[in-house]
Amino acid sequence: MNAMDALELITCSYKKEEPPQFRVGDTVSVSVKIKEGEKERIQIFKGIVISIKGSGISRNFTVRRVSHGVGMERVFPLHSPNVSSVSVLRRGKVRRAKLYYLRERIGKAVRVKEKIV
């Protein structure tokens, strides 16, 4: 038995069966489970996906939004049990794999063109 085969056997049980389908540039709504003491609630984080990194169980995506004039970015593990759902609000038309240039932009310059399907 190969070491990679053993690693795949362990990680395949933690993977989501149908991971959400989205790309860089899409505006998404991420539902995150948050524990406060013994209570658990779902908080929604809306923003533009600026990068997707990794593969397999270690796949992460970064979502950026501007709230009250302050840019906020959060990195979410795709296969985490704390990420309950990811829904695409609108598709973005971009030509890059990473949208880090949006960090320097302000106001209307942050907008990404919508992809007409």
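Computed over heavy atoms, backbone and side chain alike; hydrogens, waters and symmetry mates excluded. Note that the structure is predicted; figures quoted are calculated from it, not measured.
With rounding to the nearest 0.5 angstrom, the CG atom of Leu78 is 5.5 Å from the CZ atom of Phe22. Rounding to the nearest 0.5 angstrom, the gap separating the OG1 atom in Thr62 from the NZ atom in Lys98 is 8.5 Å. Put simply, NE2 on His79 and SG on Cys12 are 11.5 Å apart, with the number rounded to the nearest 0.5 Å.
Across Arg90, Gln21, Arg91, a single residue satisfies side-chain hydrogen bond (donor to acceptor under 3.5 Å, both in side chains) together with Asp26, and that is Arg91.
Using a 4.5 Å cut-off between side-chain heavy atoms of Ile, Leu, Val, Met, Phe, Trp and Tyr, with links allowed through other members, Val49 and Val66 fall into different hydrophobic clusters. A single hydrophobic cluster is seen to contain both Val88 and Leu102, as judged by linkage of ILVMFWY side chains at heavy-atom distances under 4.5 Å, directly or through other members. Cluster annotation: Val24 is connected to Met72 through the hydrophobic network of ILVMFWY side chains, with a link wherever side-chain heavy atoms come within less than 4.5 Å.
Contact between Gly71 and Arg64 at its shortest, heavy atoms only, is CA-NH2, 3.9 Å. Nearest heavy atom pair, residue Tyr14 against residue Ile10, reads CD1-O, 3.4 Å. Of all heavy-atom pairs spanning Ile57 and Thr11, the tightest one is CD1-O, 3.4 Å.
Here the side chains of Ile44 and Val30 are not in contact, with every heavy-atom distance at 4.5 Å or above. Inter-residue side-chain proximity for Val94 and Val112 is flagged as met; some heavy-atom pair is nearer than 4.5 Å. Val28 places none of its side-chain heavy atoms less than 4.5 Å from the side chain of Phe45. Tyr100 places a side-chain heavy atom less than 4.5 Å from the side chain of Ile50. Contact check for Lys53 versus Arg59: no side-chain heavy atoms found under the 4.5 Å cut-off. Proximity of Lys16 to Val83: side-chain heavy atoms (C-beta onward) are separated by under 4.5 Å at one or more points. Counting heavy atoms from C-beta on, the side chains of Ser85 and Ile42 never come closer than 4.5 Å. Looking at Phe76 and Val86, their side chains never come closer than 4.5 Å, going by heavy atoms from C-beta outward.
No more than 12 heavy-atom neighbours from other residues, nucleotides or ligands sit within 6.0 angstrom of NZ on Lys46. The neighbour count for Ile34 CD1, taken as heavy atoms of other residues, nucleotides or ligands under 6.0 Å away, is above 12.
No donor-acceptor pair under 3.5 Å is formed between the side chain of Lys93 and the backbone N or O of Gly25. Side-chain atoms of Ser58 come within 3.5 Å of backbone N or O of Ser55 as a donor-acceptor pair.
Within the structure, side chain to side chain donor-acceptor pair (under 3.5 Å) pairs that include any residue of residues 101-117 comprise Glu73-Arg103 (at least two apart or interchain).
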